[in-house]
4 protein chains.
Amino acid sequence: MDRIQKEMERRRPGRNAFSTQRNESDQAEIISGYFNEHTTGTPLTAIIKNSDKRSNDYSYLQTIMRPGHADYSGKIRYSGFNDYRGGGHFSGRLTAPLVFAGAIATQVLEAKGIYTASHIKSIYNIEDAVYSSEAISKELLESLRSSDFPVLDAFVGEKMKAEILAAKEDKDSVGGVIETAVLNIPTGIGNPFFESIESKLAAMMFSIPAVKGIEFGIGFDFTKMRGSKANDILQYENGVVVSKTNNNGGINGGISNGMPIIFSVAIKPTPSISKEQDTINVDNKRNTKLEIKGRHDPCIVQRAIPVIEAATALVVVDMLLEKQSL
Amino acid sequence: MDRIQKEMERRRPGRNAFSTQRNESDQAEIISGYFNEHTTGTPLTAIIKNSDKRSNDYSYLQTIMRPGHADYSGKIRYSGFNDYRGGGHFSGRLTAPLVFAGAIATQVLEAKGIYTASHIKSIYNIEDAVYSSEAISKELLESLRSSDFPVLDAFVGEKMKAEILAAKEDKDSVGGVIETAVLNIPTGIGNPFFESIESKLAAMMFSIPAVKGIEFGIGFDFTKMRGSKANDILQYENGVVVSKTNNNGGINGGISNGMPIIFSVAIKPTPSISKEQDTINVDNKRNTKLEIKGRHDPCIVQRAIPVIEAATALVVVDMLLEKQSL
Amino acid sequence: MDRIQKEMERRRPGRNAFSTQRNESDQAEIISGYFNEHTTGTPLTAIIKNSDKRSNDYSYLQTIMRPGHADYSGKIRYSGFNDYRGGGHFSGRLTAPLVFAGAIATQVLEAKGIYTASHIKSIYNIEDAVYSSEAISKELLESLRSSDFPVLDAFVGEKMKAEILAAKEDKDSVGGVIETAVLNIPTGIGNPFFESIESKLAAMMFSIPAVKGIEFGIGFDFTKMRGSKANDILQYENGVVVSKTNNNGGINGGISNGMPIIFSVAIKPTPSISKEQDTINVDNKRNTKLEIKGRHDPCIVQRAIPVIEAATALVVVDMLLEKQSL
Amino acid sequence: MDRIQKEMERRRPGRNAFSTQRNESDQAEIISGYFNEHTTGTPLTAIIKNSDKRSNDYSYLQTIMRPGHADYSGKIRYSGFNDYRGGGHFSGRLTAPLVFAGAIATQVLEAKGIYTASHIKSIYNIEDAVYSSEAISKELLESLRSSDFPVLDAFVGEKMKAEILAAKEDKDSVGGVIETAVLNIPTGIGNPFFESIESKLAAMMFSIPAVKGIEFGIGFDFTKMRGSKANDILQYENGVVVSKTNNNGGINGGISNGMPIIFSVAIKPTPSISKEQDTINVDNKRNTKLEIKGRHDPCIVQRAIPVIEAATALVVVDMLLEKQSL
């Protein structure tokens, strides 16, 4: 439970100047499946109550559709019956349960020596270093997880923070890329086709609001290379099969090859900004102007990190279970 | 059936100089679920026999692991019992059934006025134009589908072909990016979280060999923009809700917003190349050299296009069914 | 919401002398998915808190395994981590959520003119009449649903009650058979093989504690007939296809044939009885004696009825959705 | 492969006077997933071609609906596009693939010391003995599997055969009950609620044509007992937990309790009989007479046995996998 609350705390808003100043306690209350300090094996249920809701802040969302949000697509999807308060089912708050579940999965993985952590690969046009296979270690990953703003190059990190604060100053927002590593996953996990590691991880990642792209290993950069350079050359090193490069991000044919699993996701800039924007009023069917009041995240990349790590852990546990490797 | 065979023909190898010269007929023989020229509603089964197999070409694959392929990860995954001939279950031939199924889904969608087509967005460092919301039309999409090498800018297409032939000349290979559009999908299809349109499409796309990245709308480019520029501004146009930009690729909160669905996938360079490569022999556990004989695709991007269109159609039909919109 | 609470009330313990005198309020508190008196389309969540828990009553369950219960199989299944209080995840209370969900499904079905209700077909050796296709009507089914102890023959009902009270007097229990009808389900719903109506209904019914058998139409009595008598003879009646008999319970080949769906489930006698019983103590691995204290249901058949009706409604809604018939 | 063909042979028609004289070879041809005499781990596909089809025998099925068959419900389900030849997707031949798959599952189970076999519990009103927990042994089960007409009491078996031949003589048919045992399944397999052993086995059994009822342990007979008699009394016997009676058929709370799993299914009399029957013509929408020509099974109970054993093995393997017990 301590570990769960610690992970929940990492995602919680209001922690620093780069996040929204909404103050939510994000306390998980377990109501089934936990007894005598152990999970029971039957469904584990927890409630995370919204401690800072001000539902009336959001009444305008019934008619004014925020650009970049799911207000309009969601309204049509649910025939107008959707709960529009606070963004309803599309709120970023819905990622808190993922963090809860992922905190448990993470403990399961760590007991098997499997570690996962992310760093901010870029914010706007400021770019961090990337994971190199040699440098990835349990220690590096643990160090990243203990940071509020994890980067490989601390100097770059400061520039990223400045970029976020500049956007905040302009009533605007920025996005970025998160790179995630999974260390020590056994070789031979996953499947070709519909249950590939990439399929499972991608499907999970696109469940996280604001994620608009994913690539494994060097991903889109593969398309700028010839095959002779792109192929990861296999070799025996002390009797173990490794590859010098890890362009494929630890996955061939949907199956783990023993190298660290590496992938990057694109997080779009927070759509809620204080700047005035053009949009529509679906009540009178007219175009209108909108100035979103309240406290916004000028950047959610750093808050998305514990969510992405949690989601990763959930997928990896599932895939290990499927291969009977837990 | 004619339409199915036409789609199969688009994927078939041996059609031109940019593809492998293996000659497979790719004839689908239906063995259940089709009667009196209609599907019956019970399971539809077809067999696509391998007409050009030369299993002995591949006997070395039992011990020599081709770089960039799933030879090694697959061998561990299946404890050495995998059928290594021709790459076995990891062969690109396994996409032929997707094309078969997609050809049916495509007909279902077209009957509802929904069209999908792809173009080659880039090969190596040669870049085509991108879809603009205004230019996407049924006519454009049909024209792209009728081309062996679909591009928006024909001049760029010629440069791409030259790039592929140059790689072929060097016993090497290149990859590229494919951009796909779905036109006229109803607003309100899809779901937030685990069954988002992005989740479903991404999971399917990563089932296609050589796909290593996917992005929706402007995807990773979102991370280089501020929110005020990234947000798609909604407006009424003749009573219909549209957005000037379509940065989100027609999807907000996992749900279609009425604009065309747009996504791009990264296809890595064909890992089978004729150049000599370093690799391992798992039998004697030594490093070795490998020169892959035979006929390779110097680029599979153009052959992947009908596969990606088929896979897209399958997902879209599923999502329409789920919303009871068929 | 009124309808939901009304259905919850039907299952609630402590209503009369035939049920346990535990007094649970069974109040459902909705915590998501409901807004402005409508479901929103996103996950509907409710909590039914246990208002009468006396967890200490149950501490002996850690070591003494009650005969006929899942105490022993569950302990092994969950490696001893199971929550044994009140039977934990195996408690009959876990059927309350089914009733909650079924109350919603029932309203969906009634809006389509589809009705479902059950009667007590037998208690111990006292047998009620059975549904005849001619007699099944909306009015009959509504009348059965409004009864605490629904039977077709009121005189038989009184004998059943006496039988239950006699068992109670003897610190013992009895079981019985429940017969359920679904009226006005469209023809052509369901599937052969793995998703047959029978498969779906049976899987759901065996999720209800104490159910140990299910039969469709005349079920096991089919085996005492020759085919010429067993076959339901089809005929046109005012242009509609009907059958005089409904031995198949409205289902052929896993698919609805337009006649009422009829099935019966066997409910075993409540395993919790006040009589002393032999059993085991898993702590000292010895045989022992057990006298279960507290308030037991001498018969749960009448309380199982709203659960079975709810479970039926859930399955029927699913099957209609699958055929796009809602 | 030998074992597979042996099991296929057990189901094959035309073996003796109690079955149809249609002569089908039921030869399975494996087309994927099998290499060097081992399964590869990728999808295993086989085709069982219909060697004795006489499609024109069945042309009347387009308009004349056979009583007791799925001709009518299936026609509506598939909007008239169903393949009516030979009963199409509802043909008993569709159980041959179950036998194929079950033959593999059976080998997996036997390697773990788990055995399953069935006997004919009744034909019409002739009843065999029932399994007693003490008598069930590997030897008994193997002996039953080696018989064409497995019964516990050979004398009763002869009376059953006479009953079948009498029905055949009268151009009629009979049904019966099959009792199945699974020996040595580990304790603690299965789940409460939606994935109970009963739910899984029942769903599978109702996929088999002509099954109209299922009961676990003493099933419906539970309802004729008081709890004090019905409860299986647990006791230690040489340190192992056993119960004297096995009324619950080895399952409590959906989970195996270590005793043999026992269940019975009701098989209705073959609906295809040579006797003239009343029915409908859906073409002219009139009532009509039907005399079904051809070769019918006067009883399919004995032929259903290998199907039920195969289906059982498939479910048990799935449940063991789910508990990571294989």
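Convention: sequence-line order gives letters A, B, ...; per-chain numbering from 1.
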CD/Glu169(D): more than 12 non-hydrogen atoms of other groups inside 6.0 Å: no
Out of Thr270(D), Val265(D), Asp221(D), Val282(D), which one racks up the most heavy-atom pairs below 4.5 Å with chain C? Val282(D)
Ranked by heavy-atom pairs below 4.5 Å to chain D, first place among His69(C), Met225(C), Arg286(C) goes to Met225(C)
Interatomic distance, NZ@Lys75(D) vs OG1@Thr187(C), rounded to 0.5 Å, equals 14.0 Å
Any idea which of Gly190(C), Gly74(C), Pro209(C), Ser79(C) has the most non-hydrogen atom pairs under 4.5 angstrom with chain D? Gly190(C)
If you count heavy-atom pairs under 4.5 Å between each of Met205(D), Met65(D), Lys224(D) and chain C, which one has the most? Lys224(D)
Side chain, backbone, both or neither: which part of Lys229(C) has an atom under 4.5 Å from a heavy atom of chain D? neither
Relative to chain D, which segment of Glu276(C) carries a heavy atom at a distance below 4.5 Å: side chain, backbone, both, or neither? neither
Per-residue contact mode, Ala311(C) against chain D (heavy atom under 4.5 angstrom): neither
Using a strict 4.0 Å threshold on nitrogen-to-oxygen distance, state whether Asp170(D) and Arg226(C) make a salt bridge. yes
How many angstroms lie between OG1 in Thr279(D) and CG in Leu234(C), if you round to the nearest 0.5 Å? 4.5 Å
When the 4.5 angstrom heavy-atom criterion is applied to Phe90(C) and chain D, the contacting part is side chain
Spacing of Thr288(D) atom OG1 and Gln235(C) atom CD [to the nearest 0.5 Å]: 13.0 Å
Does a sphere of radius 6.0 Å around CD in Glu291(C) hold more than 12 heavy atoms from other residues, nucleotides or ligands, not counting ones at 6.0 Å or beyond? yes
Could you tell me whether the side chains of Lys268(D) and Asn248(C) share a donor-acceptor contact shorter than 3.5 Å? yes
Pick one of side chain, backbone, both or neither for Ala230(C), based on which atoms fall under 4.5 Å of a heavy atom in chain D. side chain
Value rounded to 0.5 Å, distance of CG in Asn287(D) from CD in Glu237(C): 9.5 Å
Just so I understand: if I count every heavy-atom pair under 4.5 Å between each of Leu94(C), Asp71(C), Ile189(C) and chain D, which residue has the most? Leu94(C)
Cut-off 4.5 Å, heavy atoms of chain D, and the answer for Tyr78(C) is side chain
Regarding Asn191(C) and Arg77(D), is there a side-chain donor-to-acceptor distance under 3.5 Å anywhere? yes
To the nearest 0.5 Å, tell me how far Asn257(D) CG sits from Ser73(C) OG. 6.0 Å
Does any N or O in the side chain of Thr223(C) come within less than 3.5 Å of the main-chain N or O of Gly176(D), such that one atom is a donor and the other an acceptor? no
With chain C, the option among Gly188(D), Ser207(D), Pro186(D) that has the most non-hydrogen atom pairs under 4.5 Å is Ser207(D)
Are Asp232(C) and Tyr72(D) side-chain neighbours, meaning at least one heavy-atom pair lies under 4.5 Å? no
Side chains of Phe216(D) and Ile214(C) in contact at under 4.5 Å (non-hydrogen atoms): no
Relative to chain D, which segment of Lys275(C) carries a heavy atom at a distance below 4.5 Å: side chain, backbone, both, or neither? side chain
Crowded around Lys171(C) NZ? As in, over 12 foreign heavy atoms under 6.0 Å? no
Chain D contacts, top residue of Val241(C), Ile123(C), Val174(C) (heavy-atom pairs, under 4.5 Å): Val241(C)
Indicate the atoms forming the closest heavy-atom contact of Gly227(C) with Pro269(D), along with that distance. N-CB, 3.5 Å
Do Glu198(D) and Lys212(C) have side chains that get closer than 4.5 Å, going by heavy atoms? yes
Between Gly219(D), Ala203(D), Gly175(D), Gly253(D), the one whose heavy-atom pairs under 4.5 Å with chain C are most numerous: Ala203(D)
Is any side-chain heavy atom of Asp172(D) less than 4.5 Å from a side-chain heavy atom of Ser228(C)? yes
Taking the side chain as C-beta and beyond, is there a heavy-atom pair between His89(C) and Pro192(D) under 4.5 Å? yes
Report yes if some heavy atom in the side chain of Ile208(D) is under 4.5 Å from a heavy atom in the side chain of Phe193(C); otherwise report no. no
In terms of heavy-atom pairs under 4.5 Å, which option from Leu98(C), Ile126(C), Ile218(C), Asp278(C) contacts chain D the most? Asp278(C)
Residue part contacting chain D, namely of Val301(C), when any heavy atom lies under 4.5 Å: neither
Non-hydrogen side-chain atoms of Asn231(C) and Ile273(D) separated by less than 4.5 Å: yes
Reported CZ-to-NZ distance for the pair Phe206(D) and Lys200(C), which is rounded to 0.5 angstrom: 15.0 Å
So which of Ile76(D), Asn281(D), Ile280(D) has the biggest tally of heavy-atom pairs under 4.5 Å with chain C? Ile280(D)
Do you know which of Ile233(C), Asn125(C), Ile267(C) has the most heavy-atom pairs under 4.5 Å to chain D? Ile233(C)
Between Ala167(D), Gly258(D), Ala266(D), the one whose heavy-atom pairs under 4.5 Å with chain C are most numerous: Ala266(D)
